[in-house]
Amino acid sequence: MAATWSWWTSPTRASSGSASRAAAKPAPCPSRPCATAWSASSCARCGASRPWKRPERPARRSAPSEPWPGALHIYSSGDPPMTIVTRFAPSPTGYLHIGGARTALFSWLLAKSQGGEFLLRVEDTDRERSTQEATDAILEAMEWLGLTAEGETVFQSQRFHLYNSYIDTLLAKGHAYWCQCTPEEVEAMREQARAAGKKPKYDGRCRELGLGPGAGRVVRFKGPLDGVTGFDDMVKGPTSVQNAELDDMILRRSDGAPTYNLAVVVDDNDMDVTHVLRGDDHVANTPRQILLYKAFGWRVPKFGHVPMILGPDKAKLSKRHGALSVMEYKKMGYLPEALVNYLARLGWSHGDQEIFPREDLLRLFNTNNLGKSPSVFDLKKLEWLNAHYIKESTPERLAALLPEYLADAGETAGLNLDPGYLAGIVPLLQPRAKTLVEMADMARFFLVPANALAYDDKAVAEQLTPEARRLLADLLPIYEAAQDYRDHKALEARTQAFLDARELKFKAVAQPLRVALTGKTASPGLFETMCVLGRDESCARIKRALVL
RNA sequence: GUCCCCAUCGUCUAGCCUGGUCCAGGACGACGGCCUUUCACGCCGUUAACAGGGGUUCAAAUCCCCUUGGGGACGCCA
């Protein structure tokens with residue numbers, strides 16, 4: 001039954017668990033022919049040092065529910081329940097973008113929701129395009145999102161010897177061969193196939209030549225020529241391809257560097273990865289990787305491919321759609337929990353729930369509810385979530401965040417950035433700001449001294465009419481005499497009493513007073529604002545407004 | 001070109017596996033209203049979708065087939 005297998009190939013369809021299991025951990029020393037198991041950190045026999053050491057793991061806990069749904073046949077019934085291990089494997093060729101962040105989040109959730117482990121591996125085998133800056137940027141973004149990985153980060157560039165020793169293994173087992181075809185020759189083959197209306201691929205002409213190593217030669221995988229390779233994708237369901245569609249992929253480049261497919265398989269096996277969640281663009285690689293697992297005799301992990309994220313025009317999200325980098329969203333004033341909530345909800349759901357604090361995500365996440373069609377990134381909804389989390393946040397936290405945004409927006413010299421003062425302002429802005437950038441902007445008038453307050457010309461002209469000024473002038477002594485600047489209701493009551501005595505409506509002073517206090521026609525509540533400003537500052541502003 | 005995948009309101013989605021409870025539910029947005037000292041918040045309401053066509057069935061958003069549309073892959077990139 002389809003739903004119960006993890007992977008299979010035909011005609012030798014899914015040869016049952018025992019074989020795979022026997023070949024599973026512990027990993028042998030990669031220095032073939034040495035096949036001893038690793039000791040603490042080095043091979044007991046040949047002394048090779050183990051390149052990556054997993055942190056001490058407690059005895060395998062039993063996962064809450066179904067730890068590896070549909071994969072039980074891989075393990076004999078006597079096996080202890082497994083710990084889910086996932087990983088995020090970005091290649092450091094740029095910043096962490098929204099799509100990558102989402103797959104990282106899903107991988108993290110998959111592991112963490114089941115008490116498993118989430119690992120990080122940097123796929124920097126391409127020396128040309130990988131940079132340290134990109135690595136740092138990705139790590140920074142992961143940290144900002146709170147997606148912390150267990151153990152040390154694995155860098156593929158430091159493990160070339162490991163990959164090569166495994167390539168040797170494949171060569172020795174007859175699952176790989178040396179190929180002397182030049183890139184040009186291969187390109188010609190592809191061109192020919194394309195012209196013939198067939199799938200462009202390497203024709204395998206060196207497959208049976210029995211070549212050895214040599215300058216310019218690569219090592220290719222000797223894949224099956226017929227049959228089918230399939231797997232049960234965690235998000236897409238059963239998926240399969242004809243092996244004839246696959247060509248003999250290169251495992252080792254002519255410069256000795258391993259290729260992606262080989263390195264991924266070696267590393268995922270070495271790191272004990274049980275579940276691989278990655279972008280849609282990797283589906284086509286999966287059968288190739290499964291074939292590699294089989295050739296090595298390793299346990300095949302469970303795979304899941306999440307669809308990509310589209311821009312508003314339904315085209316693949318790209319730079320012209322604006323911010324792509326996760327850190328760009330931080331700059332725009334979004335809270336990490338808002339982005340996480342938004343990303344989680346983009347392609348995943350739990351009934352009608354929209355608001356997902358981290359704890360809910362950890363409690364509710366499962367791959368069954370991952371959607372399989374691509375989704376469009378909607379900034380409006382992110383804004384709404386951000387506004388929600390701004391309201392939920394503590395004033396102290398937001399107050400601490402604010403100076404950074406104030407600085408981004410302009411000069412901060414002369415601004416009152418006292419944390420306590422800021423924390424007093426924030427509650428007035430929480431229901432109004434959708435982003436921290438907006439909040440910083442709205443907070444500005446609170447922070448400058450009366451003599452430096454910027455007044456909006458139009459507001460002054462329209463609101464500070466001669467009679468409005470007379471009213472403010474009469475009100476001033478009342479505010480100067482008032483002691484209760486901790487209680488905005490009391491200030492309001494004094495104002496109301498003043499108006500009642502003159503039989504005036506509140507509207508008569510509201511906007512003039514607002515302009516005098518804030519320089520603008522839109523602001524938080526008048527008396528709350530006065531309380532935050534304090535008596536001296538409030539009165540100084542009214543005085544200044546009177547002489548504008 | 002070849003292979004693979006996807007398809008419910010403008011957007012994110014529930015429902016689809018286990019057909020009837022769905023003249024399709026929620027949310028964002030938009031629009032209108034209420035509240036109100038401004039701006040917001042909040043509250044109430046309106047708008048709007050099963051891509052098309054064939055089957056199967058008493059009954060289909062749900063199962064099957066085809067078409068169309070979209071996407072991905074086909075690298076000595078990852």
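Note that the structure is a prediction, hence the values are computed from the model and not measured.
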Check: So, for D233(A) and G304(A), which heavy atoms are closest and what is the spacing to 0.1 Å?
Finding: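 Nearest heavy atoms, D233(A) then G304(A): OD1-CA, 3.3 Å.
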Quick one: do [X] and [Y] make a salt bridge, cutoff under 4.0 Å?
| X | Y | value |
| --- | --- | --- |
| K520(A) | D456(A) | no |
| E438(A) | R432(A) | no |
| E467(A) | R470(A) | no |

Look at the side chain of [X] against the base of [N] and say whether a donor-acceptor pair falls under 3.5 Å; ignore hydrogens and angles.
| X | N | answer |
| --- | --- | --- |
| T239(A) | C4(B) | no |
| K199(A) | C74(B) | no |
| N261(A) | A78(B) | no |
| R432(A) | C39(B) | yes |
| D280(A) | G72(B) | no |

Notebook entry, point to check: Between R514(A) and P524(A), is there a donor-acceptor pair closer than 3.5 Å when you use the side chain of the first and the backbone of the second?
Noted result: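 Between the backbone of P524(A) and the side chain of R514(A) there is a qualifying donor-acceptor contact (under 3.5 Å).
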Considering only the [atom1] atoms, how many Å lie between [N] and [M], rounded to the nearest integer?
| N | M | atom1 | answer |
| --- | --- | --- | --- |
| A60(B) | G52(B) | C1' | 16 Å |
| C43(B) | G55(B) | C1' | 49 Å |
| U37(B) | U46(B) | C1' | 30 Å |
| G45(B) | C28(B) | P | 13 Å |
| C44(B) | U8(B) | P | 29 Å |
| G15(B) | C76(B) | P | 42 Å |
| U67(B) | C74(B) | P | 26 Å |
| C17(B) | C22(B) | P | 16 Å |

Could you please name the option among [options] that lies closest to any side-chain atom of [X]?
| X | options | result |
| --- | --- | --- |
| K391(A) | A78(B), U37(B), G42(B) | G42(B) |
| P200(A) | G1(B), C76(B), A78(B) | G1(B) |
| A522(A) | A78(B), C28(B), U38(B) | U38(B) |
| K380(A) | C76(B), G72(B), G29(B) | G29(B) |
| W384(A) | C76(B), G29(B), A78(B) | G29(B) |
| K381(A) | A78(B), C12(B), U37(B) | C12(B) |
| P183(A) | C76(B), C3(B), U38(B) | C76(B) |
| V218(A) | C76(B), U13(B), C39(B) | C76(B) |
| S254(A) | C76(B), U38(B), A78(B) | C76(B) |

Could you tell me which nucleotide pairs with [N] by Watson-Crick or G-U wobble geometry, both distances under 3.5 Å, or answer none if nothing does?
| N | answer |
| --- | --- |
| A7(B) | U68(B) |
| C22(B) | none |
| G45(B) | C31(B) |
| U56(B) | none |
| U37(B) | none |
| A73(B) | U2(B) |

From [atom1] of [X] over to [atom2] of [N], roughly how many Å is that when rounded to an integer?
| X | N | atom1 | atom2 | answer |
| --- | --- | --- | --- | --- |
| E354(A) | C12(B) | CD | P | 12 Å |
| D378(A) | A27(B) | CG | P | 15 Å |
| K201(A) | G1(B) | NZ | P | 20 Å |
| L310(A) | A7(B) | CG | P | 13 Å |
| E462(A) | U37(B) | CD | P | 20 Å |
| K236(A) | G71(B) | NZ | C1' | 9 Å |
| Q353(A) | C12(B) | CD | C1' | 14 Å |
| N368(A) | U13(B) | CG | P | 16 Å |

Notebook entry, point to check: Given the rule in the ring pair (Phe, Tyr, Trp, His ring centres under 6.0 Å) test, do F106(A) and W348(A) qualify, once you have shown the distances and angles that lead to the verdict?
Noted result: CA-CA 9 Å; F106(A) 286 156; W348(A) 177 80; 7.5 Å; no
Next item on the list: Measure from NZ or CZ of R220(A) to the centre of the six-membered ring of Y202(A), then state whether that distance is under 6.0 Å and the direction lies within 45° of the axis.
Entry: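 Positive - R220(A) is close enough to the ring of Y202(A) and near enough to its axis.
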So, does [X] get its side chain near the phosphate of [N], meaning an N or O under 4.0 Å from OP1 or OP2?
| X | N | value |
| --- | --- | --- |
| S240(A) | C4(B) | no |
| T125(A) | A78(B) | yes |
| K372(A) | C6(B) | yes |
| R190(A) | C76(B) | yes |
| S375(A) | C12(B) | no |

Describe the nucleic acid contact of [X] in one word from base, sugar-phosphate, nothing, applying a heavy-atom distance below 4.0 Å.
| X | result |
| --- | --- |
| P524(A) | base |
| V376(A) | sugar-phosphate |
| K314(A) | sugar-phosphate |
| R252(A) | nothing |
| S349(A) | sugar-phosphate |
| C179(A) | nothing |

Check: On RNA chain B, nearest-nucleotide positions of G371(A) versus V241(A): which is more 5'?
Finding: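 Closest to the 5' end, via its nearest nucleotide, is V241(A).
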Item checked: Position toward the 5' end of RNA chain B (nearest nucleotide), D247(A) or A196(A) ->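 Whichever sits nearer the 5' end wins; that is A196(A).
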Notebook entry, point to check: Got a sec: does the NZ of K201(A) have more than 12 other heavy atoms crowding it under 6.0 Å?
Noted result: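 Counting other residues, nucleotides and ligands, NZ of K201(A) exceeds 12 neighbours.
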Checklist line | Mutual orientation of the aromatic rings belonging to H388(A) and W384(A) [parallel < 30°, tilted 30-60°, perpendicular > 60°] | finding: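 Tilted, since the angle between the ring planes falls between 30° and 60°.
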Next item on the list: Return the orientation label for the F377(A) and Y329(A) ring planes: parallel under 30°, perpendicular over 60°, tilted otherwise.
Entry: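 It falls in the tilted class, 30° to 60°.
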